[in-house]
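All values derive from a computational prediction rather than experimental measurement. Chain identifiers are assigned alphabetically (A, B, ...) following the order of the sequence lines, protein sequences preceding nucleic acid strands; residue numbering begins at 1 within each chain.
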Number of protein chains: 2
Amino acid sequence: MRRDPDTPTLSDVAEVAGVSTATVSRCLNAPERVLEQTRNRVLEAVRTLGYAPNFGARALAEGRTRTVGAIIPTMENAIFSRGIQAFQEELREHGLTLLIASSSYRPEIEEEQIRALVARGAEGLLLIGFQRNDTIRDFLSARGVPVLVAWAWQDGPAPCVGFDNRAAMADMGGEVIARGHRRLALISADPQVNDRALVRIEGLRDAMREAGLDPASLIVEPTDASLDAGGLAFRRLWERPDRPTAVLCGTDVLAAGALVMARSLGVKVPDQVSITGFADLDLARITEPPLTTMHLPHHRMGREAARMLVRMIAGEPVDSLRLDCALVLRGTLAGPC
Amino acid sequence: MRRDPDTPTLSDVAEVAGVSTATVSRCLNAPERVLEQTRNRVLEAVRTLGYAPNFGARALAEGRTRTVGAIIPTMENAIFSRGIQAFQEELREHGLTLLIASSSYRPEIEEEQIRALVARGAEGLLLIGFQRNDTIRDFLSARGVPVLVAWAWQDGPAPCVGFDNRAAMADMGGEVIARGHRRLALISADPQVNDRALVRIEGLRDAMREAGLDPASLIVEPTDASLDAGGLAFRRLWERPDRPTAVLCGTDVLAAGALVMARSLGVKVPDQVSITGFADLDLARITEPPLTTMHLPHHRMGREAARMLVRMIAGEPVDSLRLDCALVLRGTLAGPC
DNA sequence: CCACGTCATGCAAGCGGTTACATCTGCCCC
DNA sequence: GGGGCAGATGTAACCGCTTGCATGACGTGG
C-alpha cells in the first residue's frame with residue numbers, strides 16, 4: 001500500500017472529533033443512530049479533513065461493490081449504445097455504477113473481459129447473446145455472478161431480455177415475400193460468432209418456407225458490422241449473375257452501407273432492388289429513401305435489463321422478457337421490378 | 001459482510017494447494033518468484049476452486065483499483081461513443097477498467113457522477129469540456145484525482161486532449177464564406193451548458209470578422225442534440241423572413257436532421273441552401289447528398305486520452321494535445337443561389 | 001567444514017472500513 | 001432503592017489480500 005499519506009482515514013476523523021471510528025462510520029451510514037450533537041461534531045471533522053471513504057476498505061467490509069458490468073461487442077454501433085445508455089441511467093437510480101468493456105465481437109476477448117469485470121467486483125453482468133463456451137460458463141456459475149443476456153430473447157432457463165430476432169426477421173421476410181420477391185439475399189454478420197445473426201438467418205428461412213420458397217435458395221452474404229462492409233457485400237451481391245431482387249440486412253448499418261453503395265453504382269432503390277434494415281436506428285431515417293426496417297425498443301430494453309439485473313443481484317427470481325418489435329415501412333421496400 | 005460462503009478465498013486455495021496464502025498471492029502476481037512445480041499445484045487449485053480474487057480486499061491491500069472513470073454527456077451520440085470505444089480499448093491494454101457514467105448534458109448530474117465515480121475508486125477521470133463549477137473542482141483537487149479533459153482543446157494549465165473547436169469552426173466558416181455566402185446561420189447545442197458549442201460559435205464569428213462580415217449578423221439557433229431537434233431548428237430558420245443561405249451545424253447529427261427536414265420541406269440542398277456538419281460521423285456519408293463536414297480524429301483522441309491519463313495516474317507530467325481536424329467537402333455545400 | 005549468499009516459502013502485520021456485542025448512562029416504575 | 005430498559009457510544013473482530021521480514025534448505029568457495 002503506497003497510498004498518499006495525507007489522505008485522511010476514518011480514524012483520523014474519529015480522533016479529531018474525539019469519538020470512536022464506529023461512531024464516525026455510523027454518522028456516515030446511519031446518521032439517525034447518533035446524537036445530533038455528536039453527529040455535527042463528526043461531520044465538521046469530516047469537512048475540515050476533506051475525508052472520503054476508501055472504496056476498497058468499504059467494499060471489503062461491506063461485501064459489496066455496488067457495481068455491475070456490461071460487455072458489448074462495440075460502443076461504436078448505435079444498436080448497442082442506445083440500450084447501454086438507458087441501462088446506465090436506470091442503474092444510477094438504483095445507486096449502481098457501470099463497469100464497461102467491449103469484446104470487438106471476439107469470444108476470447110469477451111471471456112477475458114468477463115474475468116476482468118468480475119475481478120473488478122462486478123456484482124452482476126450484462127452480456128450480449130447466448131453464445132459462450134463452457135469454461136467461462138462454469139466460471140460464472142462457480143462464482144455465482146448473476147448474468148443477464150440482452151439484445152436477444154430465447155425460450156430457456158437463462159434469464160434474458162430482448163427481441164425474438166428469429167420471429168422478427170421472419171416477419172420482415174414475410175413482408176418482403178408478400179411484395180412478390182422470390183430471389184432474396186441477406187447481408188449478415190458472421191453467424192459463427194454472432195448468434196443473433198444466426199437466428200435472424202433462420203427466421204428469414206422460416207418465412208421462405210412458410211411462403212413455399214426453397215430456404216436453400218437464400219443467398220447469405222456474411223460480413224463485418226460496418227457501413228463499408230455492408231456496401232462491399234451489396235456490390236458482391238449485385239455482381240452475381242442471379243442478382244437478388246431484395247437484399248435484407250441484419251442491421252441498419254449494413255443496410256445503410258448497401259444503400260450508399262447502390263447509389264454509387266447507379267442502382268435505384270427500391271425500383272431496381274429493395275433493401276431492408278434491422279434495428280431502426282437514427283440513421284434509418286436519414287437515408288434516401290428512408291430505410292424500411294424493424295423497430296427494436298432499445299431504450300425500454302436497457303431500462304428493463306437494469307431492473308432485472310438489480311433483482312437478480314438481490315437474489316430474487318426473474319422471468320425473461322421478450323419485447324415486441326414492429327415493422328417500420330419506409331421507402332426502400334417495393335415489389336420486384 | 002454477507003458474502004456467499006462458498007466463494008473461495010485465497011486461503012482456501014492455499015489450503016488445497018498445501019501452501020501459504022503468500023505463495024498463492026505470488027503465483028498470481030509475480031509467478032516468476034515461485035517454483036514452477038509449486039506454481040502448477042497452486043494454479044491447479046485455483047482452477048478447480050474457480051477462485052478469483054476479491055476486489056475490495058485487493059484494492060485495500062494494494063492501495064489501487066486499476067479503474068478509471070469517464071463521464072460523457074450521452075453514449076447515444078456517436079460523437080462520444082467512437083472516442084470512448086478507443087479509450088476503453090487502450091485502457092484495457094494497460095490493465096485498466098473503465099467505469100462509465102453519463103450526465104445528459106446536465107452539470108448537476110455530472111457533479112453527482114464525478115463524486116460517485118471517485119467514491120467507486122476511479123484513479124483518474126476523463127471529462128468532456130472545461131465548464132465546471134468550483135465546488136467540484138475543489139473536491140477533485142483535494143482528493144488529488146487526475147482529471148483529463150477531452151473532446152476539447154484549450155491553451156491553459158488543465159491537461160486536455162482534443163480539437164481546437166474554435167479554429168475548426170472558423171475554417172468551416174471561412175470555406176462557406178469563400179463560396180459567397182453572406183447570410184449565415186448556425187444550429188448549435190446550447191452554449192450555456194456546452195462550452196464546445198460556445199467556442200464553435202465564436203469560431204464562426206471569427207471567420208465572419210476575418211471576411212469583413214458583421215459577426216452580429218450570425219443567426220444562432222440553439223437546440224438539443226438530436227436529429228429531430230436539428231430538423232425543427234432548420235424549419236425555424238427556414239421560416240424566417242431573412243432566411244440564411246447557409247446553415248452550419250454544430251454536429252453532424254444536427255446537420256442530418258436539418259437535411260432530412262429540408263427534404264421534407266421540398267428544399268433542395270445545396271441548390272437552395274447549403275448545410276454543413278461537424279464531426280464526420282458515419283452518418284455524414286449516408287445522407288443524400290453526403291454531408292460536407294469537419295473530420296475529427298475520434299479514434300486517435302480516445303487512444304491518446306487513455307495514454308495520457310495512464311501517465312497522469314502514474315504521476316508523470318503530460319502536455320495537452322491538440323489534434324488536427326480536416327475539412328471534408330462532400331455534397332451539401334455550394335455557392336448561394 | 002564452515003561462513004555466507006541465494007532462493008523458495010512462510011509468518012504475520014497491516015490496508016480502512018463495518019458491525020456484533022459490550023458497556024455505560026440516565027430514566028422510569030414498582 | 002434497585003431492577004430493568006432504551007439509547008448512545010466504544011471495543012475489537014473480522015473482511016481477503018499484499019508484502020516486508022524471517023526462516024530454512026541448499027550450494028559454493030576458502
Side-chain angles (χ1 to χ4, degrees), chain A residues 1-43 45-46 49-66 118-121 123 143-144, chain B residues 1-43 45-46 49-67 118-121 123 143:
Chain A
M1 184 72 168
R2 51 206 86 94
R3 56 171 224 72
D4 192 348
D6 52 55
T7 302
T9 71
L10 241 211
S11 62
D12 293 334
V13 176
E15 194 175 346
V16 169
V19 297
S20 72
T21 61
T23 299
V24 178
S25 178
R26 278 190 285 259
C27 276
L28 267 21
N29 301 313
E32 73 286 355
R33 298 191 46 202
V34 172
L35 224 50
E36 182 170 350
Q37 184 190 8
T38 318
R39 197 194 315 150
N40 290 150
R41 202 147 34 90
V42 170
L43 294 181
V46 165
L49 256 43
Y51 169 79
N54 174 295
F55 176 69
R58 194 211 279 265
L60 177 57
E62 209 176 7
R64 45 176 317 190
T65 56
R66 296 170 198 280
V118 169
R120 290 290 185 285
E123 294 181 26
R143 302 253 5 178
Chain B
M1 183 72 166
R2 51 207 84 97
R3 57 172 221 70
D4 191 349
D6 52 56
T7 302
T9 70
L10 241 210
S11 61
D12 293 333
V13 176
E15 194 175 347
V16 169
V19 298
S20 72
T21 61
T23 300
V24 179
S25 176
R26 279 189 284 258
C27 277
L28 268 20
N29 301 313
E32 74 286 355
R33 298 192 46 204
V34 173
L35 226 49
E36 181 170 352
Q37 185 189 8
T38 317
R39 197 194 316 150
N40 291 149
R41 203 146 34 89
V42 169
L43 294 181
V46 165
L49 256 42
Y51 169 80
N54 174 295
F55 175 68
R58 194 212 277 265
L60 178 56
E62 209 177 8
R64 44 176 318 190
T65 56
R66 295 172 199 280
T67 298
V118 169
R120 290 289 184 287
E123 294 181 27
R143 302 250 16 182

From [X] atom [atom1] to [Y] atom [atom2], the distance as rounded to the nearest 0.5 Å:
| X | Y | atom1 | atom2 | result |
| --- | --- | --- | --- | --- |
| Tyr51(B) | Thr9(B) | OH | OG1 | 7.0 Å |
| Thr38(B) | Glu36(B) | OG1 | CD | 9.5 Å |
| Ser25(B) | Arg33(B) | OG | CZ | 9.5 Å |

At under 4.0 Å, does any side-chain N or O of [X] touch on OP1 or OP2 of [N]?
| X | N | result |
| --- | --- | --- |
| Thr38(A) | dA8(D) | no |
| Arg58(A) | dT18(C) | yes |
| Asn54(A) | dC15(C) | no |
| Ser25(A) | dT18(C) | yes |
| Thr23(B) | dT9(C) | no |

Looking only at the side chain of [X] (C-beta and beyond, no hydrogens), which of the listed nucleotides [options] gets closest?
| X | options | result |
| --- | --- | --- |
| Pro53(A) | dT9(D), dG17(C), dT9(C) | dG17(C) |
| Ala61(B) | dT9(C), dC17(D), dG17(C) | dC17(D) |
| Arg33(A) | dT19(C), dT9(D), dT9(C) | dT9(D) |

Atom-to-atom span, [atom1] of [X] to [atom2] of [N] - whole angstrom:
| X | N | atom1 | atom2 | answer |
| --- | --- | --- | --- | --- |
| Glu36(B) | dT9(C) | CD | P | 12 Å |
| Arg64(B) | dT18(D) | CZ | P | 13 Å |
| Leu60(A) | dG14(C) | CG | P | 17 Å |
| Leu10(A) | dG14(C) | CG | P | 18 Å |
| Asn29(A) | dG17(C) | CG | C1' | 9 Å |
| Arg26(A) | dT9(D) | CZ | C1' | 6 Å |
| Arg39(B) | dT9(C) | CZ | C1' | 14 Å |
| Glu62(B) | dC15(C) | CD | C1' | 11 Å |

Query raised in the report: At under 4.0 Å between heavy atoms, what does Val24(B) touch on the DNA or RNA strands: base, sugar-phosphate, or nothing?
Result: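 Since no nucleic acid heavy atom lies under 4.0 Å of Val24(B), the category is nothing.
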
Query raised in the report: Phe55(A) near the nucleic acid: base, sugar-phosphate alone, or nothing, with a heavy-atom cut-off under 4.0 Å?
Result: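 It contacts nothing in the nucleic acid.
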
**Report entry** Comparing Glu32(B) and Ala57(B) on DNA chain C - which has the more 5′ nearest nucleotide
**Finding:**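 Looking at DNA chain C, the more 5' nearest nucleotide goes with Glu32(B).
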
Report task. For Thr21(A) and for Leu35(B), locate the closest nucleotide of DNA chain C by heavy-atom distance; then report the residue assigned to the nucleotide nearer the 5' terminus. Result ->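 Nearest-nucleotide comparison on DNA chain C picks Leu35(B).
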
Query raised in the report: Does Glu32(B) CD have over 12 foreign heavy atoms under 6.0 Å away?
Result: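 Yes, CD of Glu32(B) has more than 12 neighbouring heavy atoms, counting only those of other groups under 6.0 Å.
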
Query raised in the report: Is there side-chain contact between Leu28(B) and Leu43(B), with at least one heavy-atom pair below 4.5 Å?
Result: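 Yes. Closest side-chain heavy atoms under 4.5 Å.
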
**Report entry** Residue pair Glu123(B) / Thr67(B), side-chain heavy-atom distance below 4.5 Å
**Finding:**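 Heavy-atom side-chain distance check fails, nothing below 4.5 Å.
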
Query raised in the report: Closest nucleotide of DNA chain D for Gly18(A) versus for Ser11(B): which of these residues is on the 5' side?
Result: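 Whichever sits nearer the 5' end wins; that is Gly18(A).
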
